[in-house]
There are 2 protein chains.
Amino acid sequence: MPESSEFLYPVKWLSKASAGDRVTCELRMRIICGLIGSGTILSENKLAADFSVSRSPIREALKTLASENIIRLERMGAVVVGLTEKEIEEIYDVRLLIESFVFERLVRMDINELVMELSKILEMMKIAIKYNDADEFSNQDILFHESIIRAVNHSYILMIWNNLRPVMESLILLSMRLRFKEKYDDFTRIIKNHELYIEAIKTKDRALMIKSLHQNFDDVQGKVEDLWKSQQMLAKGVEQQDD
Amino acid sequence: MPESSEFLYPVKWLSKASAGDRVTCELRMRIICGLIGSGTILSENKLAADFSVSRSPIREALKTLASENIIRLERMGAVVVGLTEKEIEEIYDVRLLIESFVFERLVRMDINELVMELSKILEMMKIAIKYNDADEFSNQDILFHESIIRAVNHSYILMIWNNLRPVMESLILLSMRLRFKEKYDDFTRIIKNHELYIEAIKTKDRALMIKSLHQNFDDVQGKVEDLWKSQQMLAKGVEQQDD
DNA sequence: GATATAATACTTGTATACAAGTATACTTGG
DNA sequence: CCAAGTATACTTGTATACAAGTATTATATC
């Protein structure tokens with residue numbers, strides 16, 4: 001019985017979104033942080049009632065979440081799969097795979113414009129840290145990697161990214177919110193690491209790129225319990241949210 | 001515009017499918033073979049009328065096709081992107097990427113059961129050739145590669161495959177239909193090539209695997225014009241049913 | 001009491017209706 | 001004749017209705 005008043009997904013990111021997208025994003029967050037546990041059976045009608053919408057947007061959401069592999073559509077009800085330790089590792093397998101691929105392309109391209117873009121994003125990230133805005137930081141973090149991927153102009157690599165992105169986004173959001181409360185110091189390291197990534201692109205240093213990518217993963221990866229923790233922390237701190 | 005009596009997608013594969021899936025598969029085939037050209041704007045209402053269904057299954061289809069990157073959902077109408085030479089190459093970039101990844105995992109696994117499975121599929125392919133069944137041959141061809149990918153039990157690699165699969169399927173279907181009519185001899189080579197792939201897995205010979213994978217691509221790749229040709233050939237094969 | 005059968009309360013997929021928004025064509029005033 | 005506003009015909013997203021199917025439970029029969 002989730003109260004429709006509490007939202008895990010940043011509400012301001014949904015300002016122009018449809019009800020379907022809203023439900024998709026919120027459900028994803030709840031599943032990934034463990035609020036809706038693995039094995040739970042989701043009913044279209046029940047969800048519709050909980051979110052006070054009709055079945056149409058719910059169906060849309062379930063289809064999307066199924067394509068992201070966090071629920072499984074069966075003949076009767078959608079069963080929550082969620083993320084185990086293993087799956088989080090698998091996500092990073094894929095990121096490593098595609099970002100390495102992208103890097104190979106980058107070294108044969110003019111990367112001036114990209115480096116400029118990345119520097120801008122890095123500045124934004126610093127501001128987000130300064131103002132304690134975990135959500136905005138996450139947003140820029142994702143944008144950072146997305147910009148790199150977009151730069152090579154490969155529609156099917158971009159397709160993979162797009163399929164992966166939402167789950168990544170949820171993971172990063174939860175991870176960063178926790179860090180902002182508990183391990184604020186981490187951010188200087190994260191920033192430094194992103195500077196390393198830019199450096200790797202500038203100097204076309206493959207090894208450096210892999211290294212910084214790995215470090216980046218360690219920064220976000222976290223254990224599944226942490227996601228739980230993140231959610232509970234948020235539940236306690238809802239009042240602070242409206243600043 | 002398109003006559004609902006002619007279907008490019010094998011009808012028997014849709015026996016238990018919903019109207020939404022039917023429309024998705026058929027639309028995809030028409031887009032990929034060029035029957036519905038790039039730039040065409042698809043209207044939900046018009047499609048609904050053409051396929052004699054309501055907007056619900058059409059919306060579902062458009063969402064799916066958009067996630068496959070062959071149409072783009074804009075604020076007014078869905079615009080067909082289709083496949084250019086470049087995109088077909090990109091698909092194979094991704095396949096090479098994931099099948100290489102999978103191979104690395106395979107060499108550290110017990111592959112007896114998989115080899116057995118692949119041998120079975122290969123037998124099936126031979127039968128399909130014998131009975132001139134291009135569609136069944138395509139089906140088994142895809143199953144061959146899917147079995148390999150499934151074997152490593154990596155949910156996010158499988159996710160990529162699942163996102164790629166439908167477009168691949170259409171490409172292979174069109175390519176194989178053409179071959180059965182024009183280049184029947186090719187199949188002995190394709191079979192031999194798959195035997196090579198099995199051999200590569202058995203002996204865990206990475207180079208051999210890459211080689212056979214590349215050859216496999218050459219077998220299907222074909223030019224975009226060929227897809228056109230394939231469709232036109234089919235159109236002639238079907239008794240003109242214009243009204 | 002155990003098994004077959006019927007009633008029920010769900011489920012899914014599709015159709016249809018409607019509000020709100022947006023491009024196109026059509027007026028109307030200058 | 002053109003600019004500006006208005007009407008119109010489309011669009012999307014959501015709600016709702018309904019048929020057909022599938023589990024679950026209750027009932028009847030042996």
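Throughout, a chain's letter reflects where its sequence line sits, starting with A, and its residues are numbered from 1. Values reported hereafter were calculated over all heavy atoms of this structure, with side chains retained and with hydrogens, waters and symmetry mates removed.
Comparing the end axes of the helix from C:dG1-D:dC30 to C:dG30-D:dC1, each fitted to five base pairs by superposing C1' atoms of four pairs onto the next four, gives an inter-axis angle of 20° (nearest 10 degrees).
Residues in residues 10-49 of chain B take part in these ring pair (Phe, Tyr, Trp, His ring centres under 6.0 Å) pairs, two or more places apart or across chains: B:Y9-B:W13. Contacts classified as ring pair (Phe, Tyr, Trp, His ring centres under 6.0 Å) and involving residues 22-45 of chain A (residues at least two apart or in different chains) are not found.
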Report each atom pair, protein N/O against N/O of nucleotides 14-18 of chain D, whose distance is under 3.5 angstrom.
unit_1: D:dT14; atom_1: OP1; unit_2: A:A19; atom_2: N; d: 2.1
unit_1: D:dT14; atom_1: OP1; unit_2: A:G20; atom_2: N; d: 3.3
unit_1: D:dA15; atom_1: OP2; unit_2: A:S54; atom_2: N; d: 2.3
unit_1: D:dA15; atom_1: OP2; unit_2: A:S54; atom_2: OG; d: 2.8
unit_1: D:dA15; atom_1: N7; unit_2: A:S56; atom_2: OG; d: 2.8

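Taking atom CE on A:M76 and atom C1' on C:dT11, their separation rounds to 3 Å, with Å as the unit. In this structure, B:I41 atom CD1 and D:dT12 atom P are separated by 10 Å, rounded to whole Å. The separation between B:R75 atom CZ and D:dT11 atom P is 16 Å, rounded to whole Å. Put simply, CD1 on B:I58 is 14 Å from C1' on C:dG13, counting in whole angstrom units. Summarising the geometry, the separation between CG on B:L42 and P on D:dT12 is reported as 10 Å, rounded to the nearest angstrom. Straight-line distance from the NZ atom of A:K46 to the C1' atom of C:dC10: 14 Å, rounded to whole Å.
Legend: residues meeting ring pair (Phe, Tyr, Trp, His ring centres under 6.0 Å) with A:F101, ordered by chain and number and at least two apart, are A:H154. Remark: B:M76 pairs with no residue by the side-chain contact (heavy atoms from CB on, under 4.5 Å) rule, at least two apart or across chains. Looking at residues two or more places apart in sequence or on another chain, you find a side-chain contact (heavy atoms from CB on, under 4.5 Å) between B:A17 and B:L14, B:D21. Under the rule for a ring pair (Phe, Tyr, Trp, His ring centres under 6.0 Å), A:Y156 has no partner lying at least two apart in sequence or in another chain. Not counting sequence neighbours, the partners of B:F144 by the ring pair (Phe, Tyr, Trp, His ring centres under 6.0 Å) test are B:H194, B:Y197. Residues satisfying the side-chain hydrogen bond (donor to acceptor under 3.5 Å, both in side chains) criterion with A:E87, sequence neighbours excluded, are A:T84. The side-chain contact (heavy atoms from CB on, under 4.5 Å) check on B:E117 picks up B:K120, B:I121, B:S147, with sequence neighbours excluded.
Side chain of B:E68 to backbone of B:L164: no donor-acceptor contact under 3.5 angstrom is found.
Dashed line: the shortest gap from a side-chain N or O of A:S43 to OP1 or OP2 of C:dT11 is under 4.0 Å. When the side-chain nitrogen and oxygen atoms of B:N45 are compared with OP1 and OP2 of D:dC10, none of them lie within a distance under 4.0 Å.
Proximity of B:L65 to B:T24: side-chain heavy atoms (C-beta onward) are separated by under 4.5 Å at one or more points.
Contacts between residues 63-73 of chain A and DNA chain C, counted as heavy-atom distances below 4.0 Å, involve no residue at all.
Toward the 5′ end of DNA chain D lies the nearest nucleotide of B:E74, the other residue of the pair B:E74 and B:K16 mapping further downstream.
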